Asks: 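This is the structure I have questions about; it appears just below.
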Amino acid sequence: MVAPNMLPGAGARVRIQEAAFDVAAELGALQAGDPRVGAVCSFVGTVRDRNAPGAAGSVQTLELEHYPGMTEKSIEAMVDSAFARFDILGARVVHRVGVLQPTEGVVLVAVSSAHRGQSFQACEFIMDYLKTQAPFWKKETTPEGAHWVDARVSDDEALARWGIAARNA
């Protein structure tokens, strides 16, 4: 395990990277010995072998692309919104890009607060926001070929419950 202070970008709230992330190290870095922290909630998204129930073919790879700088700035704004809405002490988003295989971790969202309720809500808020508004482009490769993945209506609906209209609606 990598010591929290040895993580690349350990002080950063948002990182986009090709390398796999170490969940325990990231959570340790988020808490960083802050005695005010009573709760740390996290979400880890992984690459599935199928995009949707009943979808034709299994996913062999998922390739993510982004605009360096713009994507980080967009996600930083999402984290700022979470700080404005919830009583949280820290937040961390690590998102991978490049070619990933099924079962690999693709995103980590973690939030710390004094009490669990604010951490749970803020973590879910950031993930809903991230899923619909972060500028990533996803391409799946199946035995039938490669295709770009469209946004889902269910993701837009998840964001709407926070009072935010999806830009791709």
Side-chain angles (χ1 to χ4, degrees), residues 1-2 4 7-9 12-30 39-79 82 91-112 116 119-162 164-169:
M1 181 170 143
V2 177
L7 289 170
R13 297 188 312 179
V14 175
R15 286 199 330 270
I16 310 297
Q17 62 189 42
E18 290 189 20
F21 48 80
D22 180 332
V23 174
E26 298 293 346
L27 297 181
L30 177 63
V40 175
C41 292
S42 63
F43 171 84
V44 175
T46 59
V47 177
R48 291 184 306 256
D49 68 349
R50 296 203 180 262
N51 186 351
S58 60
V59 174
Q60 296 172 323
T61 62
L62 177 66
E63 183 174 356
L64 292 103
E65 296 180 7
H66 76 300
Y67 282 127
M70 182 182 89
T71 302
E72 290 87 340
K73 184 177 177 181
S74 172
I75 297 171
E76 281 285 351
M78 294 173 195
V79 172
R92 193 170 199 86
V93 176
V94 181
H95 207 297
R96 293 182 65 195
V97 292
V99 178
L100 304 174
Q101 308 292 319
T103 73
E104 287 190 82
V106 65
V107 62
L108 166 69
V109 174
V111 176
S112 64
R116 70 180 186 274
S119 285
F120 276 126
Q121 290 180 20
C123 189
E124 193 168 18
F125 171 80
I126 292 170
M127 193 58 224
D128 287 343
Y129 211 164
L130 185 68
K131 187 76 176 171
T132 59
Q133 305 303 299
F136 288 103
W137 292 267
K138 300 175 186 175
K139 183 168 59 178
E140 288 180 345
T141 300
T142 68
E144 291 76 32
H147 67 276
W148 293 101
V149 178
D150 292 326
R152 294 179 182 189
V153 172
S154 61
D155 293 331
D156 292 342
E157 292 169 350
L159 184 63
R161 71 188 165 113
W162 301 105
I164 301 170
R167 287 189 297 250
N168 54 2

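Keep in mind that this is a model prediction, so the values were computed, not measured.
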Asks: Would you indicate whether the side-chain heavy atoms of M70 and S74 approach each other to under 4.5 Å?
Replies: no

Asks: Verify, without hydrogens or angle tests, whether T46 (side chain) and T103 (backbone) share a donor-acceptor contact under 3.5 angstrom.
Replies: no

Asks: For V97 and T71, run side chain to side chain contact (heavy atoms under 4.5 Å, CB included): C-alpha distance rounded to whole Å, both residues' side-chain angles, the deciding distance at 0.1 Å, then the answer.
Replies: CA-CA 11 Å; V97 292; T71 302; over 6 Å; no

Asks: Do any N or O atoms from the side chain of E72 and from the backbone of G69 form a donor-acceptor pair under 3.5 angstrom?
Replies: yes

Asks: If I compare all heavy atoms of I75 with all of A134, which pair ends up nearest, and what's the gap?
Replies: CG1-CB, 4.2 Å

Asks: Determine the minimum heavy-atom distance between L64 and H95, stating which atoms define it.
Replies: CD2-CE1, 3.6 Å

Asks: Report yes if some heavy atom in the side chain of T141 is under 4.5 Å from a heavy atom in the side chain of V99; otherwise report no.
Replies: no

Asks: Which residues pass the side chain to side chain contact (heavy atoms under 4.5 Å, CB included) test with E140, sequence neighbours left out?
Replies: N51, V59, L62, H147, V149

Asks: In Å, rounded to the nearest 0.5 Å, how long is the span from NZ of K139 to OG1 of T61?
Replies: 8.5 Å

Asks: How long is the span from the CD atom in E124 to the OG atom in S119, to the nearest 0.5 Å?
Replies: 12.5 Å

Asks: When rounded to the nearest 0.5 angstrom, what distance separates CG in D128 from CZ in R161?
Replies: 4.5 Å

Asks: Check whether any side-chain heavy atom of I164 lies under 4.5 Å from a side-chain heavy atom of F125, and answer yes or no.
Replies: yes

Asks: Dump the intermediate steps for side chain to side chain contact (heavy atoms under 4.5 Å, CB included) on E65 and W148, then the final yes or no.
Replies: CA-CA 11 Å; E65 296 180 7; W148 293 101; 3.9 Å; yes

Asks: Atom CZ of R50 and atom OG1 of T142: how far apart are they, to the nearest 0.5 Å?
Replies: 9.5 Å

Asks: Can you tell me how far the CD atom of E104 sits from the CZ atom of R96, to the nearest 0.5 Å?
Replies: 4.5 Å

Asks: Going through the checks in order, is the side chain to side chain contact (heavy atoms under 4.5 Å, CB included) test met by M78 and V14?
Replies: CA-CA 10 Å; M78 294 173 195; V14 175; over 6 Å; no

Asks: F43 and I126: side chain to side chain contact (heavy atoms under 4.5 Å, CB included), yes or no, with the steps?
Replies: CA-CA 10 Å; F43 171 84; I126 292 170; over 6 Å; no

Asks: Which heavy atom of S42 sits nearest a heavy atom of L27, and at what distance?
Replies: CB-CD2, 3.8 Å

